[in-house]
Amino acid sequence: MFLNAWSLALTLTSIAGIVLGGIACRTAIRVLRHWNPASDSELQIRLEGEIWLSSTLVAYGLGFQIVSLILFVLAADEFCKVIVGAMCATGSLLANSYGMPALLVKLVGVFFYGFWIVLHQLDIRSESYPLVRTKYLYLLLLYPLMAADVTLQTLYIAGLKPDIITSCCAVVFAAATGGGTNLLTLGSENLQLLLYYLTMVLLLGLGGLLLWRWNRWLQALYAVGWFWFFGLALVVITNVISSYIYAMPYHHCPFCLLKPEYHYIGFAIYGTLIGGAFLGSSAGLVEPCKRRAGLAEVVASYQKRAVQISLILLLLFAALTSYHYLLYMASGGEV
Amino acid sequence: MNSALEKHLNILDYALSALWRHRLKNGGIVVVFAAVIFLVASFQLVTTALTETAGKVLAVTPEITIQRMSAGRQEAIPLAYAEKLHDIFGIRAVVPRVWGYYFDEVRGANYTVLGVSADMPQADELSRAVVGGVMGSGGQGKVVVGRAVSQALQLQPGQLFSLFRPNLSLKAMTVAGIFRPETDLLTADLIAMPLVEARDLFLIPASKATDLCVYISNPAEIGTIAEKISKLLPDTRVLTRPQIQKTYQVVFGWRSGFASVCLLAALAAFAILAWDKASGLSPEERREIAILKILGWETADVLAMRFWEGGLVAGLAFLLGCTLAYLHVVFFGASLFRPVLVGWSVLHPALSLAPHVTLKEVLLLLAFTVVPYLAVTVVPAWRAASVPAESALSG
Amino acid sequence: MLIELDSVSKIYNQGQPNEVRALSEVSLAIPPQTMVCLKGPSGSGKSTLLSIIGCIFAPTSGRATIAGKALARLPDRFLTVHRRATIGFIFQRFNILPALSVVDNITLPLLPLGISPKVRRERAVILMDQLAIRHREHFPAGQVSGGELQRVAIARALVNDPPIILADEPTAHLDSRLSSEFMQIMADLKHAGKTIVITSHDPLVTEHPAIDRVVGVKDGRIDVP
Ligand SMILES: Nc1ncnc2c1ncn2[C@@H]1O[C@H](COP(=O)(O)OP(=O)(O)O)[C@@H](O)[C@H]1O
Ligand SMILES: [Mg+2]
């Protein structure tokens, strides 16, 4: 189903991304082969200039990736109109086996591009550019991810046939919670909520502790905690929170939150969650960079700032996701 | 205030003044870009509006339609066929319908005639589309007409008019109401009336109809039920909603796809223009950037300035193009696209389109227009930003 | 020493067929609050030397320490950051952007420092008053006279209050009246505590009484007479 505005827009964004990525990778290869900070040769001077090109390209790449991610979900929501049986984005994404993987790769892409930019920002703060090689090796590794993204997306779009009958989200997730080995089964609603709020409190405590007294192990734990919380939050939003927002007990869908009917609350929810998870985990991931020349202080100040902002985002996220649930409880609904 | 933020504001400030200084050149780009965005956005808005309307059509289409075929042509179907379907589990209702075309020789126009029985499950939805009257509200010869028909025949609600039966006798009818403009796509050329009236107009015997509509509770069962029906009634053609939907999609998809490709070509042409404009660095521009750099602007600052310039140009063009497109579609009925998109009725209904603009549409348009523009200008921006500072010294 | 060069060499286009050795093993030390003139024929390497002092690029080899910072193979970004805090430039033909107003030209070096518009203007006003060009504040710089343009260039070099002022053949396109006026302003600046390096082969400059030292440059070397 390529002759469709959404498919075309997705493809166009991907092509733009992959071309820019290709140019960035060309720089990466040149830097990895010829980088020599001691030299004053023409080549070295050109390479130093190309660092700005590649970082700009990756920054644009991140922007395009975010657009592409949102576009993909919205496109899925649009496709459900022509796919028989699908009533919302979940149904369209499940219409063939490439939808969910493509979404996942896109999401992972946002994190990976973001990490590269963090790495770059840290690197250019030290006069010796100590992370140049690491940074460009990492950039080269991003290319397969880009390729996977484009491939999965193309396969997904190609595999969409208006006459294929899929099931709707209510069916999918109802079946999943009904039993079986689905990832989304995590016990009863109360148990999930308990786990969810417990993790949140733990993260808040850990973050506070870190700000008060920094410790490498706590920092690592905080990063791991965010990864865990990210996954958990997605499950809990799908299984529990979404239906309170929709005010429909059997509507469990992580994507309809993005619709205007719900005041685009999904953008705020996922924005704070992704932002928080990104900053929280990156603060731990940059720890090894501290050992590089001239970076100890820079990294430490980044970590502090990242933890601070991630805590703020966590609080916002908590408020956004709990609001409807609390409203429901306060208005006398029973659990 | 934070000095990094202040620095960015300063760069933005400078970018704004630079845009203003080169207002002729930038104005030209904005105008061309806005024109491209206008085309893309109008097209997108029209497609969205039509798809929305089409969605409404399909919503009132029964899950399965049965037509009787004889010698490869459609014939009136006996109502008795409906009884044979009683045993099939999953059918909610079977309702007869008359669906035909009336050729008006005087005006050379085709009208669609729809005769519905009052127990049709979606009769309500049809009624809601009517202004100044109720669908099928008893009374002899009461019909509801679409706007195009009312204009062609100069009909007002309550007015009497007549059409020829196949035997050239006249059938008199009263206009009970007119369909709402929002449903023009479907109803412009439609004359809807109770089943009996339609039978009378086409001289179809009371025991027959043109087709039978089968309503089904669970959409997942459409396929199996359709199969059972065609086994039970071998001399019929069984059309399912997904099939109709698909045919519609193919026709509509092809048209819109073709137009999209044309628009993409326009976009590509613009991208080449943008690339060309952005990469041709005049001696004055080179000198300016060299001076900025020697005075302490980093490469990243010049890049940021170029980004702001590009972003402002794109943003302005986007706003302009989208606003014009909205006006074009809503107030001028998308007059530029009419011939490409609507063509299924001889009457060329004077469609009134009311597209729903949400964040979704805006994002789609952004991806179509601003993303390629930014992508195309990034490398030239970097080229400009890497003019060496020392070139300000020579001469 | 405020400026210290130790066997500094600069090779342009190193590793290319068009390689040029512009400076060879130059050593030079300049203490604060002095005015030095680099004198030599065209193509001798004066501008290149000035560029290294001005942190525009790092030397190919050798050590350069400018206002306490060693510049050996420093990436461009750090040179720029150091340059905008320590150096004020005055160019041959002044390199003023003619479409911008006088005040906007003067405040250009303050933009990347993240200084707010209000403070920018305050600083520019003080300098414009000192240099008697206040009445030209909102004129496009392309429309002011040669003498005023010269003072706009000086104001721009001073606006970030740098300890070092560098001027590359500032009098090459000026008549003798404007040249002496220029040197007079430089002399005043030296007394106000600035360190000034001027490249020139104009006798009005090289023989000016405020010049503390004339350094001969020839074929990329310091020419010891
Ligand atoms: N950017 C450059 N690339 C290549 N060669 C250069 C460059 N700048 C200057 N040169 C060469 O370096 C030598 C010294 O130049 P310069 O420092 O400008 O001398 P001066 O300012 O005394 O005239 C000259 O031979 C000149 O051609
Ligand atoms: Mg020179």
Side-chain angles (χ1 to χ4, degrees), chain B residues 1-27 281-309 382-395, chain C residues 10 12 22 46-48 50-52 54-57 75-89 91-101 104-120 140 153 156-157 159-160 162 166-169 172-173 199:
Chain B
M1 206 192 298
N2 188 327
S3 95
L5 181 64
E6 189 73 65
K7 169 172 154 179
H8 248 279
L9 288 179
N10 286 347
I11 292 174
L12 176 60
D13 192 16
Y14 189 84
L16 273 170
S17 83
L19 281 179
W20 181 245
R21 267 184 284 133
H22 304 287
R23 52 188 170 275
L24 223 57
K25 177 190 158 190
N26 292 310
L281 204 56
S282 70
E284 290 82 55
E285 277 176 301
R286 271 187 75 86
R287 182 164 165 269
E288 176 181 341
I289 290 167
I291 292 173
L292 292 180
K293 287 188 79 174
I294 211 167
L295 292 180
W297 289 52
E298 292 170 51
T299 309
D301 299 338
V302 181
L303 273 167
M305 177 183 89
R306 288 266 152 165
F307 169 78
W308 282 123
E309 278 185 19
W382 169 75
R383 286 235 183 88
S386 27
V387 169
E390 64 252 38
S391 58
L393 277 182
S394 44
Chain C
K10 175 67 191 179
Y12 287 110
K46 301 184 299 293
S47 297
T48 307
L50 203 70
S51 304
I52 289 174
C55 308
I56 293 170
F57 44 68
D76 199 41
R77 168 183 151 82
F78 296 95
L79 286 174
T80 307
V81 170
H82 191 53
R83 176 167 75 238
R84 67 187 178 210
T86 46
I87 313 282
F89 281 104
F91 309 94
Q92 202 184 117
R93 293 183 208 271
F94 306 127
N95 272 345
I96 292 293
L97 296 176
L100 289 184
S101 70
D104 285 346
N105 262 294
I106 292 173
T107 53
L108 273 184
L110 300 180
L111 299 184
L113 292 171
I115 291 173
S116 71
K118 191 164 154 282
V119 179
R120 279 198 320 248
R156 187 176 67 183
V159 76
N160 55 343
L166 304 180
D168 191 25
E169 314 217 16
H173 299 278
T199 74

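Everything numeric in this text was worked out from a predicted model, so none of it was measured. First the proteins, then the strands, lettered A, B, ... as listed; each starts at 1.
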> Heavy-atom distance under 4.5 Å to chain B: side chain of I87(C), backbone, both or neither?
Replying inline: neither
> chain B heavy atoms under 4.5 Å from N160(C): which part of the residue, side chain, backbone, both or neither?
Replying inline: neither
>> Using the salt bridge (charged side-chain N to carboxylate O under 4.0 Å, His left out) criterion, which residues pair with E390(B)? Sequence neighbours excluded.
In response: none
Validation row: [X], [Y] side chains within 4.5 angstrom (heavy atoms):
| X | Y | result |
| --- | --- | --- |
| N95(C) | R287(B) | yes |
| N10(B) | R120(C) | yes |
| Y14(B) | L100(C) | yes |

Would you give the length of the straight line joining atom [atom1] of [X] to atom [atom2] of [Y], rounded to the nearest 0.5 angstrom?
| X | Y | atom1 | atom2 | answer |
| --- | --- | --- | --- | --- |
| L295(B) | F89(C) | CG | CZ | 8.5 Å |
| L5(B) | S116(C) | CG | OG | 12.0 Å |
| T199(C) | L393(B) | OG1 | CG | 9.0 Å |
| E6(B) | L110(C) | CD | CG | 11.5 Å |

> Around atom CH2 of W308(B), are there more than 12 heavy atoms of other residues, nucleotides or ligands at under 6.0 Å?
Replying inline: no
>> More than 12 heavy atoms of other residues, nucleotides or ligands under 6.0 Å from NE2 of H8(B): yes or no?
In response: no
> Under 3.5 Å, side chain of R83(C) to main-chain N/O of I294(B), donor-acceptor pair present?
Replying inline: yes
> What residues form a side-chain contact (heavy atoms from CB on, under 4.5 Å) with D301(B), not counting sequence neighbours?
Replying inline: K7(B), I11(B), W297(B), E298(B), R84(C), P112(C)
>> For chain B, which candidate among D104(C), T80(C), L50(C), L79(C) shows the most heavy-atom pairs at distances under 4.5 Å?
In response: T80(C)
